[in-house]
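Accompanying notes for the structure given below.
All of these numbers come straight from a predicted model, not from anything done at the bench. These values consider heavy atoms only, across backbone and side chains, with no hydrogens, waters or symmetry-generated copies. Quick note on labels: first sequence line is chain A, next is B, and so on, each numbered from 1.
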Amino acid sequence: MLRTHTCGEARASLAGKEVTLAGWVHTRRDHGELTFIDLRDRYGITQVVAHAKENPAAHKALGKARNEWVLRVRGTVRARPEGTKNAKLPTGEIEVAASEIEVLNESKTPPFYVNEETEVEETLRWKYRYVDLRRERSREIMRLRHEVTNFIRNFFVERGFWEIETTMMIRSDPTGARDFIVPSRYYPGKFWALPQSPQQLKQLLMIGGIDKYVQIARIFRDEDPRADRIYEATQLDIEMTFAEPGDVMDVVEACYTAVFERFAKKPLRTKPFPRMTYEEAIRRYGTDRPDTRFAMELVDLTDAVRGTGFGVFKDAIASGGALRAVVVPGRAAASRKDVDTWTAVAKTRGAKGLVSFAFVGAEVRSPVAKFFSADELARLRQTSGATAGDIVLVVADEYRVASRSIGEIRRQLGQELGLVDASAHHMMWIHRFPMFERTPEGTWTFSHNPFAGPLTADDAKLLETDPGKAISSQYDLVVDGNELGGGSIRIFNRAMQERALEVLGISKDEAAVRFGALLDALEYGAPPEGGIATGMDRTVMILAGLSNARETIAFPKTQTGYDPLLDAPAPVDAKLLEELGLRVIAKPEKRP
RNA sequence: GGUCCCGUGGUGCAGCGGCCUAGCAUACGUCCCUGUCAAGGACGAGAUCGCCGGUUCGAAUCCGGUCGGGACCGCCA
């Protein structure tokens, strides 16, 4: 090695020893005849000093050096003179008196500060990510991610899970997200797809008798990225043979409890994780990933105003819908604009509108107050639990639409009004999901994935008779209102799998083409098995208290998938296209 | 596909019809300086305000378009 020690390990105990350090110039303080530099590497910062009279050559070299130059420094560790120690640095007791400076490399002036925590525009950071990674904040996120990943991998390996890498080039399937595809040279016009998850492969591993599998797997989804969603994500993927839902939940809960207790900045307030049914989550919070760090639970006003003459409510109730509401404390004075904003939020979740009732003293203020009797208004107030100064927001619609709309308003207001207890993490399980949900078009879609099995034998029977009532074995892991992941016990019987796909509108013949390998495998002694996948990017993001998953990966892309560092995507050589049997018909986007 | 926000020396911000010959901090360059640690001091260089067009006597500032970035909706089994 070009060094004997790192820049983070020199201590008073090394005083008098000669050391050689290598690193980057973090800052330089030039006093004329006396020059200091802070030399930085991954491990820390060490002050290097040179005096013109004691060591003219080293002093001259330090005077010439600039930020981010790469230096190799030979010198003697010595205690700093009394009164000049720096309590802010772990190495602040000592300094290295340089005897020899070797410039390993110079650096242009960096495009942004390495030694300051200023916000810098992301595109610039990603373009110069190799400079950005030298910044303490970025480095510590990388360290956290490394440690969390390593911890989780060891956790499962120690419990008998085998880490197995699955292929990254699989068969494309129109179910789910848009695939990233890879053209094939031997089969022109045919493509592999990058996996959206190793779901079918891990099931095949279980059928193969692997018993317990774990993989920190890359997954790819070509859908518009968001703050917490990236193109190429990493998931913790596990699968266990002969497992029941509780077995998977127990081992994952043990893992995540340990991870949060070891790596989170805030205490985990929920131990053991509460297990809440999907039905209860929707009823109390209007979402299947509730943020339980604050109350303000939803209320149901359907019965309170049953029989009302007010058209909107009357029609909703008559068609089997519900009145779902939330009491916003102390916001009776909310402006028309506030209500409009809340209405817009409700509409993003499918509501057709929103009705408000503000309670000012004994008075009720509402744009629709005239449609209600005093009795009805009193019942509405009593049922909601609103007190003077509160405003009640109501959505009347099909039960789930109304619940989700109000739930989203609750979520946003919880943050805006500072109701959220941000001093702790709340982790929980949501389970007993319905196997299928109605699409707006009236057909069925699956709530987890098409391979999730029914929870009980009775639910299996419902698959044949009344699929909408069948409860799935699915369980979702939720933290602070974020979905971290989900899993299920899988269907392990061909006929049942075919039936489940049929409910989704996929015929036997079509299923045989799209899921042939899995369906065939189910006929060769497939065992009951199940597992889970959780998002590693989101896990690290939450542990680090970040609002953006791009920060957690080494080389991020922009919202349009552009990679400013590698300038990708990029055109490919015409010869390669020819070999692959491809012709480009779209004009490539021009980039500056 | 849609909605909203942003784009001003290297970086981060201010300026939002004339007072801008574009301000501040920091970085950068030269010089001074023996104990600093965000060192200090002096001097200096550096931007036609993302781009195109329009309104106006006059545009960084107003309007339209466009490009780029971000947040969100759709989408994400």
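Across all strands shown, B:C20 has no partner, as no Watson-Crick or G-U wobble contact with both distances under 3.5 Å is found. Across all strands shown, B:U56 forms no Watson-Crick or G-U wobble pair with both distances under 3.5 Å. Using Watson-Crick or G-U wobble geometry with both donor-acceptor distances under 3.5 Å, B:C28 finds its partner in B:G44. For B:C4, the paired nucleotide is B:G70, the pair qualifying as Watson-Crick or G-U wobble because both relevant distances are below 3.5 Å. With a cut-off of 3.5 Å on both pairing distances, B:C75 has no Watson-Crick or G-U wobble partner at all. The pairing partner recorded for B:U34 is none, the criterion being a Watson-Crick or G-U wobble arrangement whose two distances lie under 3.5 angstrom.
With hydrogens and angles ignored, a donor-acceptor pair closer than 3.5 Å exists between the side chain of A:Gln47 and the base of B:U36. No hydrogens or angles were tested; on distance alone, a donor-acceptor pair under 3.5 Å links the side chain of A:Arg78 to the base of B:G35. Not a single donor-acceptor contact under 3.5 angstrom links the side-chain atoms of A:Asn548 to the base of B:G70. A donor-acceptor contact under 3.5 angstrom links the side-chain atoms of A:Arg226 to the base of B:G74. Side chain A:Arg221 to base B:C76: no donor-acceptor pair is found below 3.5 Å. One N or O donor and one acceptor, one from the side chain of A:Ser197 and one from the base of B:A77, sit under 3.5 Å apart.
Nucleic acid contact class of A:Arg550 (heavy atoms, under 4.0 Å, all strands): sugar-phosphate only. Residue contacts shown for A:Glu95 include a base, since a base heavy atom lies under 4.0 Å away. Using a 4.0 Å heavy-atom cutoff across all strands shown, A:Pro111 reaches sugar-phosphate atoms only and no base atom.
Atom pair A:Ile94:CD1 and B:U36:C1' shows a separation of 15 Å (rounding to whole Å applied). Rounding to whole angstrom units, CZ of residue A:Phe112 and P of B:A27 are separated by 16 Å. Rounded to an integer number of Å, the gap from A:Gln412 CD to B:C72 C1' is 9 Å. Rounded to whole Å, the distance from CG on A:Asn67 to C1' on B:A39 is 14 Å. Residue A:Glu68 contributes atom CD, which lies 10 Å from atom P of B:C28 at whole-angstrom precision. Protein atom CG of A:Asp224 is 13 Å distant from nucleotide atom C1' of B:A71, rounded to whole Å. B:U11 atom C1' lies 16 Å from atom NZ of A:Lys108, rounded to whole Å. Between A:Tyr113 atom OH and B:C13 atom P there is a gap of 11 Å when expressed in whole angstrom units.
Closest approach to the A:Glu122 side chain among B:C75, B:G35, B:G70 is made by B:G70 (side chain taken as heavy atoms from C-beta onward). Taking every side-chain heavy atom of A:Thr348 into account, B:C73 is the closest of B:A77, B:G35, B:C73. When each of B:U11, B:A77, B:U34 is scored by its nearest atom to the side-chain atoms of A:Phe446, the top-ranked nucleotide is B:A77. Considering only side-chain atoms of A:Thr109, the nucleotide from B:G69, B:G35, B:C28 that sits closest is B:C28. Among the nucleotides B:C76, B:C37, B:G70, the one closest to any side-chain atom of A:Thr84 is B:C37. Here the side chain of A:Arg80 is nearest to one of B:A77, B:A38, B:G35, namely B:G35. Distances were taken from every side-chain heavy atom of A:Leu124 (C-beta onward) to each of B:C76, B:U11, B:C37; the shortest belongs to B:U11.
Nucleotides B:C13 and B:A22 have their C1' atoms positioned 14 Å apart, rounded to a whole Å. Taking atom P on both B:G69 and B:A60, the two are 26 Å apart, rounded to the nearest angstrom. Here, B:C32 and B:C20 have their C1' atoms 34 Å apart, quoted to the whole Å. Comparing the same atom, P, in B:A38 and in B:G50 gives a spacing of 35 Å after rounding to whole Å. Rounded to the nearest Å, the gap between the P atom of B:U11 and that of B:C28 is 14 Å. The C1' atoms of B:C43 and B:C33 are separated by 15 Å, rounded to the nearest whole Å. If you take atom C1' in B:U8 and the same atom in B:C24, they sit 13 Å apart, rounded to whole Å. Separating the P atom of B:C19 from that of B:G10 is a span of 24 Å, rounded to the nearest Å.
A:Lys85 NZ: more than 12 foreign heavy atoms inside a 6.0 Å radius. Within a 6.0 Å sphere centred on CD of A:Glu136, other residues, nucleotides and ligands contribute 12 heavy atoms or fewer.
Using a cut-off of 4.0 Å between Lys/Arg side-chain N and Asp/Glu carboxylate O, A:Glu100 and A:Arg72 are scored as not salt-bridged. Using a 4.0 Å cut-off between a side-chain N of Lys or Arg and a carboxylate O of Asp or Glu, A:Arg135 and A:Glu140 do not qualify as a salt bridge.
For B:A71, the OP1/OP2 oxygens have a side-chain nitrogen or oxygen of A:Gln559 closer than 4.0 Å. For A:Arg29, no side-chain nitrogen or oxygen approaches OP1 or OP2 of B:A38 to under 4.0 Å. A close approach under 4.0 Å does occur between a side-chain nitrogen or oxygen of A:Thr560 and OP1 or OP2 of B:G69. Dashed line: the shortest gap from a side-chain N or O of A:Thr558 to OP1 or OP2 of B:G69 is under 4.0 Å. Put simply, A:Lys88 has a side-chain N or O that comes within less than 4.0 Å of OP1 or OP2 on B:A38.
Side chains of A:Gln47 and A:Arg29: a donor on one and an acceptor on the other come within 3.5 Å. With no hydrogens or angles considered, a side-chain donor-acceptor pair links A:Asp179 and A:Gln196 at under 3.5 Å.
Where stacking is scored as ring centres under 5.5 Å apart with planes under 30°, A:His31 does not register as stacked on the base of B:G40. A stacking contact links A:Phe36 to B:U36: the aromatic ring centre lies within less than 5.5 Å of the base's six-membered ring centre, and the planes differ by less than 30°.
Mapping A:Asp30 and A:Arg66 onto RNA chain B via the closest heavy atom, the residue that lands nearer the 5' end is A:Arg66. Taking for each of A:Asp38 and A:His51 the nucleotide of RNA chain B with the nearest heavy atom, the 5'-most of the two is the partner of A:His51.
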- request: Step by step, work out the side chain to side chain contact (heavy atoms under 4.5 Å, CB included) result for A:Arg129 and A:Ser138.
  value: CA-CA 9 Å; A:Arg129 184 61 157 160; A:Ser138 300; 3.7 Å; yes
Requested in this report: Before giving the answer on salt bridge (charged side-chain N to carboxylate O under 4.0 Å, His left out), spell out for A:Glu408 and A:Arg411 the whole-Å C-alpha distance, their side-chain angles and the decisive distance to 0.1 Å.
Outcome: CA-CA 5 Å; A:Glu408 178 60 16; A:Arg411 191 188 69 79; 3.0 Å; yes
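Inter-residue side-chain proximity for A:Phe515 and A:Thr175 is flagged as met; some heavy-atom pair is nearer than 4.5 Å.
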